[in-house]
Amino acid sequence: MVKDAYKQTAASILEAVGGKENVATAVHCATRLRLVIKDESKINIEKIEDLDLVKGHFNNGGQFQIILGTGIVNNVYEEFIALTNLAEVSKEEFKNTAATKLNPLQKLLKTLADVFVPILPALVASGLLMGLNNVLTAKGLFISGKTLVEVYPQFADVAGMINLFANAAFVFLPILIGFSAAKIFGAIPVLGAVIGAIMIHPDLLNGYGYGEALANNTIPFWN
């Protein structure tokens with residue numbers, strides 16, 4: 001009976017999205033059946049919402065995603081693939097197919113997201129460490145007019161290390177961006193990192209020194 005329910009749900013979803021001719025490709029994640037639909041105007045939303053096993057749906061990045069839940073989605077997906085005779089594809093191939101459905105602005109935003117999302121863990125960790133460093137070095141946070149490091153100087157070196165760790169990802173951010181962007185655009189990642197390193201090389205005038213160099217008429221240049 002359970003298997004019949006999965007098969008019936010898969011068949012109903014297929015009918016609601018316009019038939020197998022309207023489905024470009026399909027994959028699933030832990031809870032959602034993810035479809036790339038050729039003509040989204042053919043989707044019957046009301047019929048999908050009426051299905052007992054369906055818990056929700058949404059469009060995202062050229063994908064029509066149907067929420068089924070853990071332990072259900074994989075079974076419905078198997079029945080769906082059997083009904084459509086679609087070849088199973090990797091998630092990367094699926095994303096590439098879904099990207100063809102995006103308009104130019106959406107493609108631009110997706111590209112930016114693809115570049116920055118992989119480096120977010122480093123930035124988040126750095127931000128948390130900065131918060132910890134501020135706890136140790138902020139005046140008056142716990143003791144009036146003094147920082148914890150001033151009151152407990154034995155923690156000064158620890159605070160210095162935390163500050164170094166917190167700033168590293170931001171100081172060398174162009175290297176991280178160069179590496180990530182090169183992977184997205186099909187270049188050699190190490191060369192992307194080198195281009196980022198060039199941008200922060202000490203032989204180039206940085207933004208903090210530009211004002212003084214401008215005032216003193218000492219801006220360096222290459223002929």
Side-chain angles (χ1 to χ4, degrees), residues 25-36 55-71 73-74 77 88-138 141-142 147-149 155-202 204 206-208:
T25 187
V27 296
H28 75 89
C29 57
T31 60
R32 289 161 288 152
L33 177 64
R34 299 160 62 182
L35 310 174
V36 175
K55 299 174 177 63
H57 62 85
F58 59 93
N59 272 295
N60 180 42
Q63 305 174 25
F64 183 63
Q65 303 192 23
I66 301 172
I67 304 171
L68 295 166
T70 305
V73 64
N74 54 309
Y77 170 77
E88 295 193 27
V89 298
S90 67
K91 290 185 178 180
E92 192 63 32
E93 292 172 323
F94 179 83
K95 288 181 180 179
N96 291 337
T97 303
T100 62
K101 300 284 293 180
L102 303 178
N103 62 45
L105 178 59
Q106 289 174 321
K107 288 180 179 179
L108 174 61
L109 295 176
K110 179 182 182 299
T111 299
L112 291 175
D114 288 343
V115 170
F116 283 95
V117 166
I119 64 178
L120 282 181
L123 300 182
V124 170
S126 296
L128 292 173
L129 288 173
M130 283 185 175
L132 180 57
N133 179 68
N134 289 340
V135 169
L136 296 173
T137 59
L141 186 61
F142 296 104
T147 69
L148 286 178
V149 170
F155 293 117
D157 290 345
V158 174
M161 291 174 63
I162 292 174
N163 186 54
L164 185 151
F165 299 158
N167 283 314
F170 293 101
V171 170
F172 299 105
L173 184 59
I175 296 178
L176 301 180
I177 294 175
F179 185 90
S180 181
K183 291 180 67 176
I184 296 302
F185 291 108
I188 299 173
V190 171
L191 294 183
V194 170
I195 293 173
I198 291 172
M199 300 299 293
I200 57 174
H201 195 284
L204 296 179
N206 63 49
Y208 299 106

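Note that the structure is a prediction, hence the values are computed from the model and not measured. Starting from 1, each residue takes its place in the sequence as its number.
Note that CG of Leu148 and CG of Leu141 are 7.0 Å apart. Values are rounded to the nearest 0.5 Å. Note: Phe142 CZ to Leu136 CG = 8.5 Å, rounded to the nearest 0.5 Å. Distance CE/Met161 to CG/Asn133: 12.5 Å, rounded to 0.5 Å. Atom NZ of residue Lys110 and atom CG of residue Leu105 lie 14.0 Å apart, to the nearest 0.5 angstrom.
Counting non-hydrogen atoms of other residues, nucleotides and ligands closer than 6.0 Å to CG of Asn103 gives a total above 12. Counting heavy-atom neighbours within 6.0 Å of Phe58 CZ, excluding the residue itself, gives a total above 12.
Thr70 and Thr31 make their closest contact through OG1-CG2, 3.6 Å (heavy atoms, listed as atom of the first residue, atom of the second, distance). Across Val73 and Cys29, no two heavy atoms sit closer than the pair CG1-O, 3.5 Å. The two residues Tyr77 and Leu33 have their closest heavy-atom pair at CD1-CD1, 3.8 Å.
Screening Ile66, Leu68, Asn74 for a side chain to side chain contact (heavy atoms under 4.5 Å, CB included) with His28, the sole residue that qualifies is Asn74.
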Pair up each side-chain donor or acceptor in residues 164-191 with any protein partner under 3.5 Å, not counting sequence neighbours, and list the distances.
{"unit_1": "Asn167", "atom_1": "ND2", "unit_2": "Asn163", "atom_2": "O", "d": "3.0"}
{"unit_1": "Asn167", "atom_1": "ND2", "unit_2": "Asn163", "atom_2": "OD1", "d": "3.1"}
{"unit_1": "Ser180", "atom_1": "OG", "unit_2": "Val115", "atom_2": "O", "d": "2.6"}

**Asked** Should Met199 and Leu204 be marked as a side-chain contact (heavy atoms from CB on, under 4.5 Å) after you check the CA-CA gap, both sets of side-chain angles, and the distance that decides it?
**Response** CA-CA 8 Å; Met199 300 299 293; Leu204 296 179; 5.6 Å; no
